[in-house]
Every structure is written in C-alpha cells, then in structure tokens.
Peer 1: 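Starting off with a structure, shown below.
Each residue takes its place number in the sequence, starting with 1. Side chains are part of it too, since the values below use all heavy atoms of this structure and drop only hydrogens, waters and symmetry mates.
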Amino acid sequence: PELAPLPDDLHPKLLQGLRAAGIEQLYAHQAQALEAAWEGPTIVTTGTASGKSLCFNLPTLDVLCSDAKARALYLYPTKALAQDQARALNAFGLAKQVRPAIYDGDTRRDERQAIRRRSNLILTNPDMLHVGILPNHAAWADFFANLAVVVVDEAHVYRGVFGAHVANVLRRLRRVAAAYGTAPRFLLASAT
C-alpha cells in the first residue's frame with residue numbers, strides 16, 4: 001500500500017500520541033480522508049482492517065487537541081464497537097486533551113451528569129441519542145454549543161427501516177445542534 005508522511009499541521013500533542021502508538025506514517029487513503037475531513041463532510045469506505053478508524057480519529061483528535069471547548073460524538077451500532085473504540089482512543093495518551101466516555105443504556109445514572117460535564121468525546125448508539133440525549137438537550141447544552149464533529153462508524157449497517165430511523169435521528173441532531181449555534185462536521189465510515 002502507498003504511504004504518506006504524518007502531516008506537519010496536526011496538533012503537536014496528536015503527533016506525539018501517534019508516534020507513541022507506533023504510527024510514523026499514514027496509508028495514502030488515511031491522508032486523503034484527513035484532507036477531505038478538513039474540507040467538509042466525508043464518507044470513507046475501505047476494506048476491513050484497513051485503518052479506517054484513523055481516517056476519522058485524526059481530524060477529530062486534531063480538533064479536540066486544538067480547541068479545549070470542542071466536543072465530538074461517535075455513533076456505533078453496537079456497544080462492543082464503542083468499547084473497542086474507547087480503548088483505541090486511550091492508546092494515544094491524550095488524556096488531558098481527549099476525554100472519551102461511553103454513554104449508553106448501561107451507563108449508571110449517577111455517572112451521567114459527570115460524563116456530560118467532563119467528557120469531550122461521547123461514544124454512544126443511535127437509540128441512546130434518540131431517547132437519552134436529544135430529548136434532554138438542555139442538560140447537554142454545553143455539549144451541543146461546542147459540538148464540532150459527529151462520527152457515524154459502520155455506516156453500512158444503517159439500511160432499511162433501521163437506516164430510515166437513524167437518518168431521522170441524525171436530522172434531529174443537526175436541528176438541535178443548530179439551535180445551540182453549531183453545525184458539526186459529519187464523518188462517516190464504512191467497511192466494504
């Protein structure tokens with residue numbers, strides 16, 4: 001596969017985290033996805049195990065490292081995928097800049113307020129966004145007022161009735177974000 005150097009204009013802490021994780025170069029498609037994500041909404045489709053997570057993690061982590069107020073939302077169709085991604089995010093050693101938290105049906109009620117206050121990257125699923133976050137947007141006001149990036153991973157699973165439901169949930173998300181003055185960038189990823 002074709003390789004590309006790590007972009008010099010990534011936040012220095014992110015570059016340090018990538019190198020600490022053993023990432024010295026990007027695949028060409030990752031570098032292209034990063035450039036596309038800086039330009040606007042992006043959809044990445046690659047084969048399984050091709051490094052697609054880095055395609056959306058790079059621009060998201062760069063924003064979170066560069067802007068202390070910025071927030072990000074990652075949507076996964078299953079809890080296991082969200083948990084895997086939370087572990088992968090922690091591997092970059094950016095604990096001061098990036099504070100991920102899983103917010104789903106298993107999140108204890110007594111932890112939810114602390115997550116809203118402390119975390120700048122929320123990993124959840126479309127159903128929790130639909131029933132637990134969007135209807136309670138006032139409690140998430142700071143999050144929505146600073147929402148910079150929305151990642152929809154495993155986008156290929158959102159088809160049929162489920163896909164129509166998720167499309168409407170994402171429309172609601174955009175309306176709520178707009179009501180708080182933000183227009184987050186959407187990054188979608190799908191295995192082919």
Peer 1: Rounded to the nearest 0.5 Å, what separation is found between the CZ atom of R112 and the CZ atom of R109?
Peer 2: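 Output value for this atom pair is 4.5 Å.
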Peer 1: Same cluster for L89 and F143 if Ile/Leu/Val/Met/Phe/Trp/Tyr side chains link at under 4.5 Å?
Peer 2: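 Looking at the clustering, F143 is in a separate group from L89.
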Peer 1: Could you tell me if the side chain of D62 sits less than 4.5 Å from the side chain of L34, heavy atoms only?
Peer 2: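 Answer no - side chains too far apart.
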Peer 1: Are V149 and F92 co-members of a hydrophobic cluster defined by side-chain heavy atoms under 4.5 Å apart?
Peer 2: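 They do share one cluster, since a chain of ILVMFWY contacts under 4.5 Å joins F92 to V149.
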Peer 1: State plainly whether the residues R108 and D110 are in salt-bridge range, i.e. N to O under 4.0 Å.
Peer 2: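 Answer for the salt bridge query: yes.
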Peer 1: Out of curiosity, D153 CG to S53 OG, how far, rounded to the nearest 0.5 Å?
Peer 2: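 Result: 5.5 Å between the selected atoms.
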Peer 1: With the side chain counted from C-beta on, respond yes when C55 and H29 share a heavy-atom pair under 4.5 Å apart, and no when they do not.
Peer 2: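 A side-chain contact exists here, since the closest heavy-atom pair is under 4.5 Å.
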Peer 1: For residues N57 and Y74, is any side-chain donor paired with an opposing acceptor at under 3.5 Å?
Peer 2: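 Yes, because at least one side-chain N or O of N57 sits under 3.5 Å from a partner of the opposite role on Y74.
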Peer 1: At what distance, to the nearest 0.5 angstrom, does OG1 of T107 lie from CD1 of I115?
Peer 2: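 These two atoms lie 5.0 Å from each other.
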Peer 1: Between V166 and V152, is any pair of side-chain heavy atoms under 4.5 Å apart?
Peer 2: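 No, too far: nothing below the 4.5 Å cut-off.
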Peer 1: Any idea how F162 and Y158 line up, ring-wise: parallel (<30°), tilted (30 to 60°), or perpendicular (>60°)?
Peer 2: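 Geometry flag for Y158 against F162: tilted rings.
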Peer 1: Regarding E154 and Y76, do their side chains bring together a donor and an acceptor under 3.5 Å, going by distance alone?
Peer 2: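 Per modelled atom types, E154 and Y76 side chains form no pair under 3.5 Å.
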Peer 1: Under a 4.0 Å N-O cut-off, is there an ion pair linking R71 with D142?
Peer 2: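 Answer for the salt bridge query: yes.
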Peer 1: Is any side-chain heavy atom of P100 less than 4.5 Å from a side-chain heavy atom of L123?
Peer 2: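 Of all side-chain heavy-atom pairs linking L123 with P100, at least one is under 4.5 Å.
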Peer 1: Measuring from I102:CD1 to I122:CD1, what's the distance to the nearest 0.5 Å?
Peer 2: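 Those atoms lie 10.0 Å apart.
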Peer 1: CD of Q97 to CG of L121: how many Å apart, nearest 0.5 Å?
Peer 2: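 CG of L121 is found 13.0 Å from CD of Q97.
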Peer 1: Evaluate the side-chain proximity of T78 to N125: yes if any heavy-atom separation is below 4.5 Å, no if none is.
Peer 2: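 The answer is no, as the side chains (C-beta and beyond) never meet within the 4.5 Å cut-off.
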Peer 1: Are R116 and E111 within salt-bridge range, i.e. N to O under 4.0 Å?
Peer 2: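 Answer for the salt bridge query: no.
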Peer 1: Would the H137 and Y180 ring centres measure less than 6.0 Å apart?
Peer 2: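 Between H137 and Y180, the centre distance is under 6.0 Å.
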Peer 1: Can you list the steps and then say if L6 with R19 is a side chain to side chain contact (heavy atoms under 4.5 Å, CB included)?
Peer 2: CA-CA 9 Å; L6 291 175; R19 290 187 174 109; 4.0 Å; yes
Peer 1: If you define the side chain from C-beta out and look only at heavy atoms, does anything of F186 sit under 4.5 Å from F56?
Peer 2: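 Result no, sub-4.5 Å side-chain heavy-atom pair not found.
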Peer 1: If you take all heavy atoms of A37 and L187, which pair is closest and at what distance?
Peer 2: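 Heavy-atom minimum between the residues: CB-CD2, 3.6 Å.
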Peer 1: Is the number of heavy atoms from other residues, nucleotides or ligands under 6.0 Å of E24 CD greater than 12?
Peer 2: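 More than 12 within 6.0 Å, yes.
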Peer 1: For atom CD1 of I43, is the number of surrounding heavy atoms from other residues, nucleotides or ligands below 6.0 Å larger than 12?
Peer 2: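 Open: at most 12 neighbouring heavy atoms sit under 6.0 Å from CD1 of I43.
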Peer 1: Does T182 use its side chain to pair, donor to acceptor, with the backbone of F144 at less than 3.5 Å?
Peer 2: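 Such a contact is found between T182 side chain and F144 backbone.
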Peer 1: Looking at side-chain heavy atoms only, is the closest gap between L61 and V98 below 4.5 Å?
Peer 2: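 L61 vs V98: side chains touch.
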Peer 1: Between N90 and R87, is there a side-chain donor-acceptor contact under 3.5 Å, judged purely by atom types and distance?
Peer 2: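 Side chains of R87 and N90: no pair found under 3.5 Å.
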Peer 1: Quick one: does L14's side chain get under 4.5 Å of L64's, heavy atoms only?
Peer 2: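 Heavy-atom side-chain distance check fails, nothing below 4.5 Å.
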Peer 1: Nearest 0.5 Å, what's the CZ-CG distance between R175 and L173?
Peer 2: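 These two atoms lie 10.0 Å from each other.
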